[in-house]
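Inspection log for the structure reproduced underneath, given as structure tokens.
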Amino acid sequence: QVQLVESGGGLVQAGGSLRLSCAASGSIFSINAMGWYRQAPGKQRELVAGINSGGVINYADSVKGRFTISRDNAKNTLYLQMNSLKPEDTAVYYCKVITGGWGYWGKGTLVTVSS
């Protein structure tokens, strides 16, 4: 059993920054993969940034150069630093972790970027 809690979302003006956090707890011994996804109203959920089982990081083309994914293994926390935010980044952001052969999702945190 794994629980994921996202935080750090909110309202920010275009050009601003936010840092999202995802705190994981429960039966975590080895994380195979982790990442951040987002879903805007009326659109499908998409991968924003991820770290696969081999430690390889990938970003969606739309956020390259602006977002940075990182983790603190000691705290079992995943981060997403978002800079130069655009109105198009407005969405609910979700944390996902794959461990023990199962995928787990957080409930999401809303990011709203105003123009």
Report the distance from atom OG of S114 to atom CD of Q13, rounding to the nearest 0.5 Å.
5.0 Å

When rounded to the nearest 0.5 angstrom, what is the spacing between NZ in K96 and CD1 in I98?
4.5 Å

Give a yes or no on whether Y94 and L20 share a hydrophobic cluster (residues Ile, Leu, Val, Met, Phe, Trp, Tyr; joining criterion: side-chain heavy atoms under 4.5 Å apart).
no

Name all pairs fulfilling the disulfide bond (SG atoms under 2.5 Å apart) condition that reach into residues 69-115, sequence neighbours left out, sorted by first residue then second.
C22-C95

Could you pull out all residues at least two apart from S70 that satisfy side chain to side chain contact (heavy atoms under 4.5 Å, CB included)?
Y79

Contact between D89 and V111 at the side-chain level, heavy atoms closer than 4.5 Å - yes or no?
no

With V12, which residues qualify under side chain to side chain contact (heavy atoms under 4.5 Å, CB included), at least two apart?
L18, L85, V113

Interatomic distance, M82 atom CE to I69 atom CD1 [nearest 0.5 angstrom]
12.0 Å

Taking the side chain from T90 and the backbone from E88, do they hold a donor-acceptor pair closer than 3.5 Å?
no

Closest heavy-atom pair and its distance - S62, R38
OG-NH2, 3.3 Å

If we check side-chain contact (heavy atoms from CB on, under 4.5 Å) with V97, which of these qualifies: L4, N32, L78?
L4

What pairs meet the side-chain hydrogen bond (donor to acceptor under 3.5 Å, both in side chains) rule with one or both residues in residues 1-11, with sequence neighbours excluded?
Q3-S25

Side-chain contact, heavy-atom cut-off 4.5 Å: T99 with V2?
yes

About how many Å separate CD1 of I57 and CD1 of I51, when rounded to the nearest 0.5 Å?
4.5 Å

When rounded to the nearest 0.5 Å, the distance separating CG of L110 from CD of Q39 is 12.0 Å

Here the gap from T109 atom OG1 to W36 atom CH2, rounded to the nearest 0.5 Å, amounts to 7.5 Å

Of all heavy-atom pairs between P87 and S115, which one has the smallest distance, and what is that distance?
CG-CB, 4.0 Å

Contacts of type side chain to side chain contact (heavy atoms under 4.5 Å, CB included), residue S17, not counting sequence neighbours
Q81, N83

Sequence neighbours left out, what passes ring pair (Phe, Tyr, Trp, His ring centres under 6.0 Å) with F67? Give chain and number order.
none

Measure the shortest side-chain to side-chain distance between Y59 and V48 over non-hydrogen atoms and say whether it is less than 4.5 angstrom.
no

For a 4.5 angstrom cut-off between non-hydrogen side-chain atoms, does R45 reach W105?
yes

